[in-house]
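Notes to accompany the following structure.
For clarity, every value in this text was computed on a predicted model and none was experimentally measured.
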Amino acid sequence: MYSPKDETTRARMEDALAHAAAHLSTTATGAPAWGWLGRTIGSRTGGGHWLRVHCGEAAKTPTVRNEGIALAEERVSGKVSRPHLHDLYRWDGGEYVFEAELIDYIAQPVISPETPDLTEDPGLPDSWWTTLRESLDALSTAEPPRETIRQSWADRVFPEFLGIPAPAITERVTGHADLQWANLTHDPLVILDWERWGAVPVGYDPAMLYVNSLRVPAVADRIRAEFTHVLDTPAGRIGEQIALAEMLQAVGRGWYVELAPYLLDRAEGLTGMRPTLLARPEAK
């Protein structure tokens, strides 16, 4: 599982979880579950729900959020397999802003609790893939809260991490925008973590799942088979290039060391250029 980046983060987030539980008149039970670098913390509650607290720097967090699970509850179809929101609490902690979500408790574990990329075949049944496909189809028609993956980011990152100019992003659908194996449960499928959802380039969601599966060819092949109608189109190929650029940017920052050779091979096969990883660009 993930862990907090330092003891200061651990203490801050554990205090925030206790504060949120008290405010929402519930009790956190069991060991906490950590998100990436300790930016989120979650726990089952005595009331049979799940309490998840997100922390962001106040200087970088908008006063009124235009995304997240609250808008997903309002705008996303019930045909999308996701946890439902029961209560929301946001507070200012000085240097940080916190947001607590009281959501459905999901009994089945996530497929890859330690890393977003896949390391072994989870043996998912056909019904799981059907639910994923139907969920993304239903999500695609929702009113998006924002545009995810900006053209300005692509213009900056593509030359550095793919060695080609960025294509124009002209076709978008509403998507999850963080579709990877740490956010998907075993059968029955539930799609977790709705912080980033919005209008994404066509093909971006299945492409992100695909590039996070390259170390397990059987699963990568299954994704291409399930989403060939999207990925094997001009717009879908742009979506896959965007997913690769984002992942290679993360590699340039020191992440995904074991996945990196597979990403480089796929990028070369898709673009005809072998990327060279040297610098660390600014975060988008």
Side-chain angles (χ1 to χ4, degrees), residues 1-56 61 65 67-74 76 78-93 96-120 122-125 127-128 131-132 135 139 176-197:
M1 295 180 65
Y2 294 116
S3 59
K5 66 178 181 179
D6 53 41
E7 288 305 309
T8 300
T9 301
R10 181 187 298 276
R12 179 173 64 248
M13 295 303 290
E14 288 179 345
D15 287 348
L17 183 67
H19 175 76
H23 181 87
L24 296 172
S25 302
T26 190
T27 303
T29 61
W34 292 95
W36 186 68
L37 295 181
R39 292 181 182 179
T40 65
I41 186 174
S43 174
R44 193 172 184 179
T45 71
H49 295 117
W50 184 263
L51 179 59
R52 180 177 184 269
V53 179
H54 174 271
C55 175
T61 304
R65 296 191 69 177
E67 56 190 286
I69 195 171
L71 277 183
E73 193 67 29
E74 294 176 11
V76 174
K79 295 179 181 179
V80 179
S81 186
R82 59 184 173 83
H84 291 282
L85 178 69
H86 298 276
D87 209 342
L88 187 69
Y89 171 45
R90 179 186 172 102
W91 74 98
D92 186 344
Y96 297 95
V97 174
F98 300 89
E99 189 166 89
E101 307 160 354
L102 193 65
I103 61 177
D104 291 339
Y105 171 70
I106 307 300
Q108 58 271 35
V110 297
I111 291 170
S112 181
E114 297 184 357
T115 177
D117 62 314
L118 198 63
T119 59
E120 62 182 16
L124 301 167
S127 59
W128 188 98
T131 302
L132 176 64
S135 291
L139 176 59
H176 181 267
D178 196 13
L179 198 72
Q180 37 85 356
W181 296 103
N183 286 334
L184 304 174
T185 71
H186 282 273
D187 190 51
L189 167 68
V190 179
I191 303 174
L192 307 175
D193 193 351
W194 288 82
E195 291 180 8
R196 199 185 176 206
W197 77 283

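- Residues forming a ring-ring contact (aromatic ring centres under 6.0 Å, His included) with His186 (at least two apart in sequence, or on another chain): none.
- A pairwise comparison of heavy atoms in Leu85 and Ala70 identifies CD2-CA, 3.8 Å as the closest pair.
- For the pair Val97/Arg90, a side-chain contact is recorded, criterion being any heavy-atom separation below 4.5 Å from C-beta on.
- Judged by distance alone, with hydrogens and angles left aside, the side-chain atoms of Thr131 form a donor-acceptor pair with the main-chain N or O of Ser127 at under 3.5 Å.
- Looking at residues two or more places apart in sequence or on another chain, you find no side-chain hydrogen bond (donor to acceptor under 3.5 Å, both in side chains) involving Ser135.
- At a threshold of 4.5 Å between non-hydrogen side-chain atoms, the residues Ile69 and Ile103 count as touching.
- By the 4.5 Å heavy-atom criterion applied to side chains, Trp34 and Pro4 are counted as neighbours.
- Contact detail for Gln180 and Leu184: the closest heavy-atom pair is O-CG, 3.5 Å.
- Applying the ring-ring contact (aromatic ring centres under 6.0 Å, His included) test to pairs two or more places apart or on separate chains, those with a residue in residues 3-31 are His19-Tyr89, His19-Trp91, His23-Tyr89.
- No donor-acceptor distance shorter than 3.5 angstrom exists from the side chain of Arg82 to the backbone of Ile191, with no hydrogens or angles considered.
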With side-chain contact (heavy atoms from CB on, under 4.5 Å) as the criterion, how do Leu124 and Ile111 come out once you've worked through the C-alpha distance, each side chain's angles and the decisive distance to 0.1 Å?
CA-CA 10 Å; Leu124 301 167; Ile111 291 170; 4.0 Å; yes

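- Judged as a salt bridge (Lys or Arg N to Asp or Glu O under 4.0 Å), the pairs with a partner in residues 37-52 (not counting sequence neighbours) are, in order, Arg52-Glu101, Arg52-Asp193, Arg52-Glu195.
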Dump the intermediate steps for side-chain hydrogen bond (donor to acceptor under 3.5 Å, both in side chains) on Asp104 and His86, then the final yes or no.
CA-CA 8 Å; Asp104 291 339; His86 298 276; 2.5 Å; yes

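- Leu192 is listed as a side-chain neighbour of Thr185, based on a closest heavy-atom distance under 4.5 Å.
- Between the side chain of Thr45 and the backbone N or O of His49, at least one donor-acceptor pair lies under 3.5 Å.
- You'll find the side chain of Leu71 reaches within 4.5 Å of the side chain of Trp197, heavy atoms only.
- Between Phe98 and His54, the closest side-chain pair of non-hydrogen atoms is not below 4.5 Å.
- Sorted by first then second residue, the salt bridge (Lys or Arg N to Asp or Glu O under 4.0 Å) pairs that include residues 16-36, not counting sequence neighbours, number zero.
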Let me check something: any side-chain donor-acceptor pairs from residues 10-17 under 3.5 Å, sequence neighbours excluded? List them with distances.
from, atom 1, to, atom 2, distance (Å)
Arg10, NE, Glu7, OE1, 3.4
Arg10, NE, Glu7, OE2, 3.4

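- Nearest approach of Ala20 to Val53, heavy atoms of both residues: CB-CG2, 3.9 Å.
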